[in-house]
Amino acid sequence: MIEEHDERDTICDSVNSLVEGCRLPVQMHGTDDWPLAEIISVKEVKGTKYYYVHYVDFNKRLDEWVLEDSLDTRKVQYPRRDGTTPGTGAATPKKQVPSRPPSPSSVNSEPVNGSAVLQAALQKRISRKRKGTFLDNEDSQEAPTPGQPTTGPRPTGSLVTHHDDVVTRMKNIELIELGRHRIKPWYFSPYPQEMVNLPCIYICEFCLKYRKSRKCLERHLAKCNLRHPPGNEIYRKGSISFFEIDGRKNKNYAQNVCLLAKLFLDHKTLYYDTDPFLFYVMTDFDSRGFHIVGYFSKEKESTKDYNVACILTLPPYQRKGYGKLLIEFSYELSKFEGKTGSPEKPLSDLGLLSYRSYWAHTILDILLNVKPLAENEKPQITINEICELTSIKKEDVISTLQNLNLINYYKGQYIVTLNRDIIEQHAQAMEKRSIRIDPKCLHWTPKDWSVRAKW
């Protein structure tokens, strides 16, 4: 007599054989979808196994811990010995690689320590240290400043692209409370070890210091005399203000901005030195004070004409026009400086969408308002003139026109053709932009940062 094979035994065996780097369909939280996912880490708590998964081809902000019943173990792709997953060629984390921090699953399932990440980054990039600058975008690492506290990592605030390793691939903060908002972080941020064990981190919305409990925050608020970011208020219209913060004069605030921002920016790594950067914090004012909405950082001296290093609108304020307002403000500063500018690359997925939209609407606005030099003539404008009027860098103007399919080559010259659909879409989009930057409300004088002794 042939014994029937128990499918549950097979599933159980399959579950037990799952390791980091395996790929299989996983039910995404809150949906009926089962996309392919990679197992980043496995931990066991009180006899229950949890799997931290990254959904392949989805943004990392959707990564999550799941239980066994969310895994489809009939279609497992096991990692090869060379660390790649069959059929994908994508690198997956290898176990026990001594050149980088250990996987969280090998450290008694404790939350990730940000100090290890920064130390590893220091080792990798110490040789790439840039003279007097740091970046939110990729290649700079400074040693800690003398006398700086060593209880936790103290990052900078620029945009630094990093290569994934097992540690930074996992969210390490469960929840933050910032003013009246409770926000679930999207990505890893190197807060001190004692913070990552907590169900929630409480952050002062005015000075951005982080505390372990609401009671600790209340004690802090009784002593904190800030009701707005430190630095100079350089713009105010209605309830919207912008404050300029010098990363050298207000180190703690600048570093805390960066730690907070890293929770929502995946492709950025944080480093120590904030001195070479200015931070422009946008706030919304009410009777309780000036509440942070978003910010961007900017190098005091950029050799590549970057007018933004790192840019972020906090999640509670997204999809309300504040992102474009931040971008518009950065170009307004460039106009005051008499320069064209561009953000550091790479941009996040949401950042790229915001910039492309801003560039498109700003350039279309110019094109629709060009007047012909004489009657019966077609309006004419050069790419360089568009750059001068908008402060948008030439390559961004050209790529925007190409993305919109507006530029055509005809009889030896480039012609921009606007069709009715584009004009109607533009008009509808501009109607939705209820908040705009008013240059008359900006009170700011550019500084010559090459004369360092003055500042």
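- Side-chain atoms of Q318 come within 3.5 Å of backbone atoms of T313 as a donor-acceptor pair (strictly under, hydrogens ignored).
- Counting heavy-atom neighbours within 6.0 Å of E395 CD, excluding the residue itself, gives a total above 12.
- H291 contributes atom NE2, which lies 9.0 Å from atom OG1 of T283 (distance to the nearest 0.5 angstrom).
- Residues L265 and C310 form a side-chain contact, since some pair of their non-hydrogen atoms from C-beta on lies under 4.5 Å apart.
- Between the side chain of S391 and the main chain of K339, a donor-acceptor pair closer than 3.5 Å is present.
- Using a 4.5 Å cut-off on side-chain heavy atoms (C-beta onward), K298 and L333 make contact.
- With respect to I240, the side chain to side chain contact (heavy atoms under 4.5 Å, CB included) criterion is satisfied by exactly one of Y322, F329, F285: Y322.
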**Prompt:** Can you check side-chain contact (heavy atoms from CB on, under 4.5 Å) on K60 and D63, steps first, answer last?
**Reply:** CA-CA 5 Å; K60 277 170 57 181; D63 294 3; 3.7 Å; yes
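- Taking the six-membered ring where the residue is Trp, Y52 and W65 present perpendicular rings, their angle passing 60° and hence far from 30°.
- Side-chain atoms of N172 do not come within 3.5 Å of backbone N or O of P190 as any donor-acceptor pair.
- Residues N307 and F296 fail the side-chain proximity criterion, which asks for heavy atoms closer than 4.5 Å.
- Aromatic ring pairs are classed by plane angle as parallel below 30°, tilted from 30° to 60° and perpendicular above 60°; the pair F58 and Y55 is perpendicular.
- Closest heavy-atom contact between W34 and L71: CZ3-C, 4.0 Å.
- Of the N and O atoms on the side chains of N59 and D266, not one donor lies less than 3.5 Å from an acceptor on the other residue.
- With a 4.5 Å cut-off on side-chain heavy atoms, I311 and P343 do not count as touching.
- No side-chain donor-acceptor contact under 3.5 Å links S70 to the backbone of V66.
- Salt bridge present: D305 and K393 bring a charged side-chain N and a carboxylate O closer than 4.0 Å.
- Two residues are said to be in side-chain contact when any heavy atoms from C-beta on lie closer than 4.5 Å; K43 and K49 fail this criterion.
- Y331 pairs in a side chain to side chain contact (heavy atoms under 4.5 Å, CB included) with only one of the listed residues (V308, I392, I437), which is I392.
- Taking each heavy atom of L175 and I183 in turn, the nearest pair found is CD1-O, 3.5 Å.
- Environment of CG in D286: crowded, with over 12 heavy atoms of neighbouring residues, nucleotides or ligands closer than 6.0 Å.
- The line from CZ of F206 to CG of N225 is 11.5 Å long, rounded to the nearest 0.5 Å.
- Using a distance-only test at 3.5 Å, with no hydrogens or angles considered, a donor-acceptor pair links the side chain of K262 to the main chain of F188.
- Aromatic pair Y295/Y280: centroids not less than 6.0 angstrom apart.
- For the atom pair SG (C387) and CD1 (I363), the distance works out to 8.0 Å, reported to the nearest 0.5 Å.
- Between Q27 and T31 the shortest heavy-atom distance is NE2-O, 3.1 Å.
- The heavy-atom pair separating C207 from C224 by the smallest distance is SG-SG, 4.0 Å.
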**Working for side-chain contact (heavy atoms from CB on, under 4.5 Å), residues L24 and Y78** = CA-CA 9 Å; L24 72 169; Y78 291 95; over 6 Å; no
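- Residues Y210 and Y202 keep their aromatic ring centres 6.0 Å or farther apart.
- Between K324 and R436 there is no side-chain heavy-atom pair separated by less than 4.5 Å.
- Relative ring orientation between F243 and H228 is described as parallel, the plane-to-plane angle staying below 30° on a 0-90° scale split at 30° and 60°.
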**Request:** Under the salt bridge (charged side-chain N to carboxylate O under 4.0 Å, His left out) rule, what do E194 and K212 come out as? Steps first, then yes or no, please.
**Result:** CA-CA 8 Å; E194 60 268 25; K212 292 181 178 182; 5.6 Å; no
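- Not a single donor-acceptor pair under 3.5 Å links the side chain of K251 to the backbone N or O of D246.
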**Item:** Working for side-chain contact (heavy atoms from CB on, under 4.5 Å), residues R169 and E38
**Value:** CA-CA 11 Å; R169 291 181 81 182; E38 179 181 340; 3.6 Å; yes
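- Residues P229 and I245 share a closest heavy-atom pair of CB-CD1, 3.9 Å.
- Here the OH-CD distance, from Y306 to E299, works out to 8.5 Å after rounding to the nearest 0.5 Å.
- With respect to E205, the side chain to side chain contact (heavy atoms under 4.5 Å, CB included) criterion is satisfied by exactly one of R288, H181, R180: R288.
- Put simply, the side chain of V26 does not reach to within 4.5 Å of the side chain of D72, judged on heavy atoms.
- Ring to ring, F264 and Y187 are not that close: their centroids are 6.0 angstrom or more apart.
- Interatomic distance, N250 CG to L278 CG, rounded to the nearest 0.5 Å: 11.0 Å.
- The two atoms that bring S189 and L263 nearest to each other are CB-CD2, 3.4 Å, heavy atoms only.
- For E64 (side chain) and H29 (main-chain N/O), a donor-acceptor pair under 3.5 Å exists by modelled atom type.
- Residues L350 and R61 form a side-chain contact, since some pair of their non-hydrogen atoms from C-beta on lies under 4.5 Å apart.
- For the atom pair NZ (K184) and NZ (K171), the distance works out to 7.5 Å, reported to the nearest 0.5 Å.
- Between the side chain of T400 and the backbone N or O of D396, at least one donor-acceptor pair lies under 3.5 Å.
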**Stepwise side-chain contact (heavy atoms from CB on, under 4.5 Å) test for I383 and K394** = CA-CA 7 Å; I383 298 286; K394 192 171 184 177; 3.8 Å; yes
